[in-house]
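Single-structure report; data block below.
No hydrogens, no waters, no symmetry mates; every other heavy atom, side chains included, goes into these values. Ligands are counted one by one from 1 in listed order, and the atoms in each one are counted from 1 as well.
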Amino acid sequence: MPDKHILIVGAGLCGSLLAVQLAKHGFRITMVEKRPDLRKTDISAGRSINLAFSDRGLKGIKRVGLEEKVMSLCIPMKGRMLHDKEGYTKLSSYSGREGEHINSISRSGLNAVLLDEADSFENVDLIFDAACGSVDLKKAQAWFERPSGEKFEITADYVIGTDGAGSVVRKSMMENRDIRFSFSQNFLTHGYKELSILPKDGQHQIYKNALHIWPRGENMLIALPNLDGSFTVTLFLAYEGGKYNFNNLTDPDIVEEYFKTDYPDAYELMPHLKDEFFENPTAPLGTIRCMPWTFQNALIMGDAAHAIVPFYGQGMNASFEDVAVFDQLLLENEFDIDKTFTAFSSQRKQDADGIADLALDNFHEMKSHTAQELFLKKRELELAFEKEFPEEYASKYSLVTFNEDVGYHEAKERGRAQDKVILFLLNEGLLPEDLSLRQKLDLINEHTETYLKQEVIKV
Ligand SMILES: Cc1cc2nc3c(=O)[nH]c(=O)nc-3n(C[C@H](O)[C@H](O)[C@H](O)COP(=O)(O)OP(=O)(O)OC[C@H]3O[C@@H](n4cnc5c(N)ncnc54)[C@H](O)[C@@H]3O)c2cc1C
């Protein structure tokens, strides 16, 4: 039975799942969270009220036996419901295979399930309302401060930072002169703002089982359903440039004009838009990459190690997959934490970079390509392949979202190659109607393999 004491900094989604996973093995866990206990206080769980939850996240949840509880909070989303400017809609399935869909889940509901589970272990101590200020990585010692100004310190055998994109544990690594710590943070030109479509007579006002998208070239609006009949709507908009941007949407009349022009059907469902727009914050979006993720007796995980833009709906899923990968390595290394920290940091990095790149790809795909004819033809073909030959073909989206046994890096390489090949063949008229579906798939597979081999040679 492991007898080590592990301090987890940050009780968000990643930290809470990690606490449960490690507590199950018998480790002594202290988890400290900056914010109040979200189960007892009416606070927003932070950015994004609901999230797209899919198979990689589920893999981590299943490992701790919480599948049933978590799935009861989910609304299945079978595809993207595309809204054009005239108000016409078209549902584009996420997969041609039976039963493959993603889910909408409440961030705070999910976090609460994980915290309840962590709380149920005698070997877990949860402390809220205490912000970590710095960490001694070697001593696994961290200093905390409460809003009242009260200060305290905790010393453990190991410290794991799951304290999100602004991680203090990562900052302590950056400031340590004994590590060659590489770090980059790249902001998008776009930010986001959350809005809502409220229920009507307790019911969803638009189709419940889809992720709604209003793609408008440079910008877009999306909406995910909530269990109470509402939708959380997110506007992704450039800070500057174009006719409308966050910097010039400064008064209610311009906001109204923008929504009436670009999102008229959504506008009709958002009578409180002008209030919400000015009450809710605008937040930036960025990608954080760093290396190494471990030094001495400390490790970072989740957004603290690899924050990504949200366009593949994979940040939380990747963080839950982190916990599953970490646990697998822990078992392989017979609970030797030093070896596990090192193995995790070196083995997981490539996949974290993979999903960071894919999320940026999807930003462009969602806001513009989803509405383009060539892209729609490609999707149609891929769905037909997945339906007819479910064992033989998986689109890039399926590889990332539904193939949790394929690493993100591999999903990126194969997915990008397939996309390039299909778009090229369609554009050149090399997939004529008189070819059977089988012949089309063989042609695409053949070109994809050639493309992948060429890429390897280039490297
Ligand atoms: C707009 C938006 C939409 C998103 N949509 C999706 C989606 O659909 N699907 C998906 O999979 N992912 C999505 N994500 C990504 C997802 O939110 C993150 O990847 C996920 O929350 C990472 O979990 P985490 O626990 O690592 O970090 P966080 O959720 O950020 O949790 C970190 C925790 O640490 C605490 N903390 C911070 N600093 C300290 C400190 N100094 N001391 C103590 N505690 C501290 C914080 O209060 C917080 O509770 C989205 C992100 C955004 C911004």
Side-chain angles (χ1 to χ4, degrees), residues 7-19 30-38 43-58 60-61 77 102-108 110-111 114-115 126-135 142-146 154 159-172 188 190-195 211 222-224 232-236 280-288 300-323 352 355-356 359 362-363 366 400-401:
L7 170 63
I8 299 177
V9 179
L13 296 168
C14 185
S16 304
L17 179 61
L18 181 68
T30 304
M31 180 159 67
V32 189
E33 165 59 40
K34 175 169 78 173
R35 293 152 63 90
D37 187 343
L38 59 79
I43 50 162
S44 101
R47 56 194 181 198
S48 74
I49 291 157
N50 57 17
L51 301 153
F53 173 66
S54 50
D55 293 15
R56 288 178 200 269
L58 187 57
I61 293 293
M77 297 187 290
I102 60 173
N103 302 283
S104 177
I105 193 164
S106 143
R107 179 190 288 271
S108 55
L110 176 57
N111 212 153
L114 295 170
L115 286 172
L126 299 181
I127 301 171
F128 293 94
D129 258 328
C132 180
S134 67
V135 179
W143 286 267
F144 296 90
E145 183 167 355
R146 292 193 177 278
I154 296 176
V159 56
I160 302 184
T162 50
D163 48 344
S167 173
V168 164
V169 181
R170 187 185 66 229
K171 195 161 158 262
S172 297
L188 277 193
H190 290 55
Y192 74 97
K193 185 185 283 288
E194 290 194 329
L195 304 161
L211 191 155
I222 69 165
L224 272 74
T232 301
V233 177
T234 311
L235 171 66
F236 294 98
N280 295 352
T282 304
L285 295 161
T287 303
I288 289 175
I300 47 175
M301 195 185 276
D303 271 19
H306 49 74
I308 60 177
V309 295
F311 302 105
Y312 237 110
Q314 284 292 320
M316 161 195 60
N317 288 291
S319 302
F320 284 177
E321 196 180 53
D322 277 1
V323 177
I355 190 55
N362 225 30
F363 172 51
M366 281 175 83
V400 173
T401 310

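Counting atoms of ligand 1 from 1 in the listed order, those under 4.0 Å from a heavy atom of A52 are 7 (C), 8 (O), 9 (N), 10 (C), 11 (O). Proximity to R35 (heavy-atom distance under 4.0 Å) selects the following atoms of ligand 1: 47 (O). Of all atoms in ligand 1, numbered sequentially from 1 with element shown, those under 4.0 Å from a heavy atom of V32 are 43 (C), 44 (N). Within ligand 1, the atoms closer than 4.0 Å to a non-hydrogen atom of V168 are 41 (N), numbered from 1 in the order shown.
Of the N or O atoms in N50, none lie within a sub-3.5 Å distance of an N or O in ligand 1. Checked against a 3.5 angstrom limit, the closest N/O atoms of G315 and ligand 1 fall inside it. Every N/O-N/O distance between V9 and ligand 1 stays at or above 3.5 Å. The shortest N or O to N or O distance between A11 and ligand 1 is not under 3.5 Å.
Of all the heavy atoms of L224, none lies under 4.0 Å from any atom of ligand 1, so neither backbone nor side chain is involved. Contact annotation for Y192 and ligand 1: only side-chain heavy atoms (C-beta onward) come within less than 4.0 Å of the ligand. Proximity of P310 to ligand 1, defined as any heavy-atom pair under 4.0 Å, is confined to the side chain (atoms from C-beta onward). Here E194 has no heavy atoms under 4.0 Å from ligand 1, in either its backbone or its side chain. At a heavy-atom cutoff of 4.0 Å, ligand 1 is contacted by both the backbone and the side chain of C132.
For atom 49 (O) of ligand 1, the choice among Q314, M301, E33 with the nearest heavy atom turns out to be E33.
Taking the centre of each ring, F363 and F236 stay at or above the 6.0 Å mark.
Partner of L13 under the side-chain contact (heavy atoms from CB on, under 4.5 Å) criterion, chosen from D303, T162, L51, L18: L51.
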